[in-house]
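Only one structure is covered here, and it is reproduced in the block below.
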There are 2 protein chains.
Amino acid sequence: MEIEGDKIKHTPEACAGNIRPVKDALYVLSGKWKLPLIGALMDGPQRFNELQRFLGDITPKVLSKELRELELNEFVERKVFSTVPVTITYELTPYSQSVEKIIDELRKWGIEHRERIIKNRKSSTAA
Amino acid sequence: MEIEGDKIKHTPEACAGNIRPVKDALYVLSGKWKLPLIGALMDGPQRFNELQRFLGDITPKVLSKELRELELNEFVERKVFSTVPVTITYELTPYSQSVEKIIDELRKWGIEHRERIIKNRKSSTAA
DNA sequence: CTGCATCCTATAGGATACTG
DNA sequence: CAGTATCCTATAGGATGCAG
């Protein structure tokens, strides 16, 4: 997994070290798909194809990779059901609940941001 | 700025559209430095070099680029003071406060995550 | 001090085709 | 259905050096 060492040299006073946790978090969670993927799974277990449709334009290769990584980080559990044909689902682990707040904030912000942009478009068109 | 169109085709029922805002947010905020940078500025106005030291290993080119983008998105204001030599500071705009919650959550999560990893290391070493 | 210009590489992620 | 295998490209971001 790798967390970068404690290399940050900050002015002793200040707040400094405060950003290290942010960088730590980003190290695991950043990328185009991880958060949206977890967001998608917040609605309950999903199958591979469901996720693919859900996310809109992710390719199987990438989806597969992202799921594997999320499994390694213990955000996601892969379950195999011995139906015919076999059914496989992905679902969030209890641990991943710790990420849900981030996603909620991101979601809220995304909504506001989109509105803001639309407003700005209007007012600049009016000029 | 560009927000991707409403191309997500989700099963009509489900929750689906819920992830679009997440993707919107990520479109603007993702990358290695934007969030840490805003996090750094949460402690008050900073100068170019301060930020560079603060963030640990960002190159001037990248820092410069990130700052420009944050300025465009109205998260950051660049202020020039006519001292000799000129002093330039970067500070967060009121709008960027809307992102602070995200950063706080990220920070909290980063701290927990690091602790978790350390614990796991110990227990797996014990095996 | 505050950057910009140039060059360079690693990696994320897309396209396409194929398998059990 | 649930992926894997290959190939390919765009882009983020690092290294270095220079400039006002």
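These figures come from a predicted structure and were not determined experimentally. All chains are named by letter (A, B, ...) in the order of the sequence lines, taking the proteins before the strands, and each is independently numbered beginning at 1.
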Worksheet, complete the sentence: Which of D:dG3, C:dG3, D:dC1 is nearest the side chain of A:R78? It is D:dG3
Discussion item. What's the closest nucleotide to the side chain of B:F48 if the choices are C:dG13, C:dG3, D:dC1?
Written reply: C:dG3
Practice prompt. Using only side-chain N and O atoms of A:Y90, determine if any of them is under 4.0 Å from OP1 or OP2 of D:dG3.
Written response: yes
Worksheet item: Counting side-chain heavy atoms from C-beta on, which of C:dG3, D:dA2, D:dG13 comes nearest to B:I88?
Response: C:dG3
Worksheet item: Below 4.0 angstrom, N of the basic side chain to O of the carboxylate: do B:D57 and A:K23 qualify?
Response: yes
Discussion item. By nearest atom, which of the nucleotides D:dG3, C:dG13, D:dT4 is closest to the A:S64 side chain?
Written reply: D:dT4
Fill in: B:L37 vs A:I19 side-chain heavy atoms within contact, under 4.5 Å
no
Practice prompt. May I have the distance from A:L29 (atom CG) to C:dA12 (atom C1'), rounded to whole angstrom?
Written response: 16 Å
Worksheet entry | Distance (rounded to the nearest 0.5 Å) between A:L67 CG and A:L51 CG | 6.0 Å
Worksheet item: D:dT9 C1' sits how many Å from A:K32 NZ, rounded?
Response: 13 Å
Discussion item. For residues 76-96 of chain B, which residue pairs pass the ring-ring contact (aromatic ring centres under 6.0 Å, His included) check, not counting sequence neighbours?
Written reply: B:F75-B:Y95
Discussion item. Keeping B:T93 on the side-chain end and B:E74 on the backbone end, is there a donor-acceptor pair under 3.5 Å?
Written reply: yes
Worksheet entry | d(CD1, B:I58; P, D:dA12) in whole Å | 13 Å
Discussion item. Which residue is it: B:R107, B:R116, B:R114? I am looking for the one with a salt bridge (charged side-chain N to carboxylate O under 4.0 Å, His left out) to A:D24.
Written reply: B:R114
Within the sub-3.5 Å range, which N or O atoms of nucleotides 16-20 of chain D have a protein N or O partner, and how far apart are they?
none

Fill in: Distance in angstrom units between A:L63 CG and C:dA12 P, rounded
16 Å
Discussion item. Could you tell me how far apart A:E71 (CD) and D:dA2 (P) are, to the nearest whole angstrom?
Written reply: 14 Å
Worksheet item: How many Å lie between CH2 on A:W33 and C1' on C:dG13, as a whole number?
Response: 10 Å
Worksheet item: If you look at every strand shown and take non-hydrogen atoms under 4.0 Å, does A:E66 touch a base, only sugar-phosphate, or nothing?
Response: sugar-phosphate
Discussion item. What I want to find out is whether A:K32 reaches A:E66 closely enough, with some N-O distance under 4.0 Å, to be called a salt bridge.
Written reply: no
Discussion item. Closer than 4.0 angstrom, basic N to acidic O: yes or no for A:K108 and A:E105?
Written reply: yes
Worksheet item: Rounded to whole angstrom units, what separation is found between the CD atom of B:Q52 and the C1' atom of D:dG14?
Response: 12 Å
Discussion item. Any side-chain N or O of B:K65 below 4.0 angstrom from OP1/OP2 of C:dG3?
Written reply: no
Item to complete: Write down the distance between CD (B:Q46) and C1' (C:dC1), rounded to a whole number of angstrom.
Response: 15 Å
Worksheet entry | Upstream residue (5' side of DNA chain D) when B:G31 and A:E50 are each assigned their closest nucleotide | A:E50
Worksheet item: Does B:R47 make a side-chain N or O approach to OP1 or OP2 of C:dT2 shorter than 4.0 Å?
Response: yes
Fill in: Any A:R68 side-chain nitrogen or oxygen under 4.0 Å from OP1 or OP2 of D:dT4
yes
